Amino acid sequence: SPVALPPFFMRGSIIQLADGELKRVEDLKTEDFIQSAEISSELKIDSSTVERIDSGQSPNAVVIQFSVGELKAQVCVEVLVEYPFFVFGQGWSSCCPDRTTQLFELSCAKLCVGDVCVSLTLRSLR
Amino acid sequence: VPVFPWHSLVPFLAPTQSD
């Protein structure tokens with residue numbers, strides 16, 4: 001089932017970076033994620049390229065296929081159309097930016113095939 | 001006011017590890 005949209009995507013939500021700095025969700029920059037992951041001992045930023053966007057099980061859901069990391073592992077996620085992803089160098093983007101803005105007052109670009117999103121993996125599973 | 005950790009905003013896309 002699609003992942004419901006959590007409250008921290010609401011405009012004005014306070015986000016704590018890895019160094020303790022507080023920022024509003026709408027003010028986050030690509031560098032904030034990169035620098036936070038550099039500090040983290042467990043988490044690593046990966047580049048996840050959008051390969052496909054298909055309809056989901058319900059009318060307001062989409063299945064997004066990503067190519068993750070250097071190994072280009074194929075990973076599919078089903079989310080609501082308003083679910084925002086952070087695109088490198090661009091910022092928040094969703095499959096239905098109008099709906100994201102309507103529900104969460106978060107300005108969004110349209111998420112498209114070829115966009116490179118910020119994602120996380122564990123630094124090492126060993 | 002609730003404060004959320006930065007990593008909660010980012011999807012955890014874990015490829016299957018093959019080693």
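The structure displayed is predicted, hence computed values, not measured ones. All chains are named by letter (A, B, ...) in the order of the sequence lines, taking the proteins before the strands, and each is independently numbered beginning at 1.
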Co-membership, hydrophobic cluster, residues [X] and [Y], 4.5 Å side-chain:
{"X": "A/Leu120", "Y": "A/Ile34", "value": "yes"}
{"X": "A/Met10", "Y": "A/Leu22", "value": "no"}
{"X": "A/Val63", "Y": "A/Val79", "value": "no"}
{"X": "A/Val87", "Y": "A/Phe8", "value": "yes"}
{"X": "A/Trp92", "Y": "A/Phe88", "value": "yes"}

Give, as side chain, backbone, both or neither, the part of [X] having an atom under 4.5 angstrom from any heavy atom of chain B.
{"X": "A/Leu43", "answer": "side chain"}
{"X": "A/Phe86", "answer": "neither"}
{"X": "A/Ser48", "answer": "side chain"}
{"X": "A/Phe85", "answer": "side chain"}

For B/Val10 and A/Val118, the nearest pair of non-hydrogen atoms, with its separation, is CG1-O, 3.4 Å

[atom1] of [X] to [atom2] of [Y]: how many Å apart, nearest 0.5 Å?
{"X": "A/Ile14", "Y": "B/Phe4", "atom1": "CD1", "atom2": "CZ", "value": "9.5 Å"}
{"X": "B/His7", "Y": "A/Ile45", "atom1": "NE2", "atom2": "CD1", "value": "11.5 Å"}
{"X": "A/Ile15", "Y": "B/Trp6", "atom1": "CD1", "atom2": "CH2", "value": "12.0 Å"}

Let me know if B/Val1 has heavy atoms under 4.5 Å from chain A in its side chain, its backbone, both or neither.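 It is the side chain, since no backbone atom gets that close.
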
Pair B/Leu13, A/Asp46 - check side chain to side chain contact (heavy atoms under 4.5 Å, CB included), show working. CA-CA 9 Å; B/Leu13 299 180; A/Asp46 259 335; over 6 Å; no

Please check if the number of heavy atoms outside A/Glu42 that lie under 6.0 Å from its CD is greater than 12.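 No, the 6.0 Å shell around CD holds no more than 12 heavy atoms from other groups.
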
Which residue out of A/Ser13, A/Cys117, A/Ala18 racks up the most heavy-atom pairs below 4.5 Å with chain B? A/Ala18

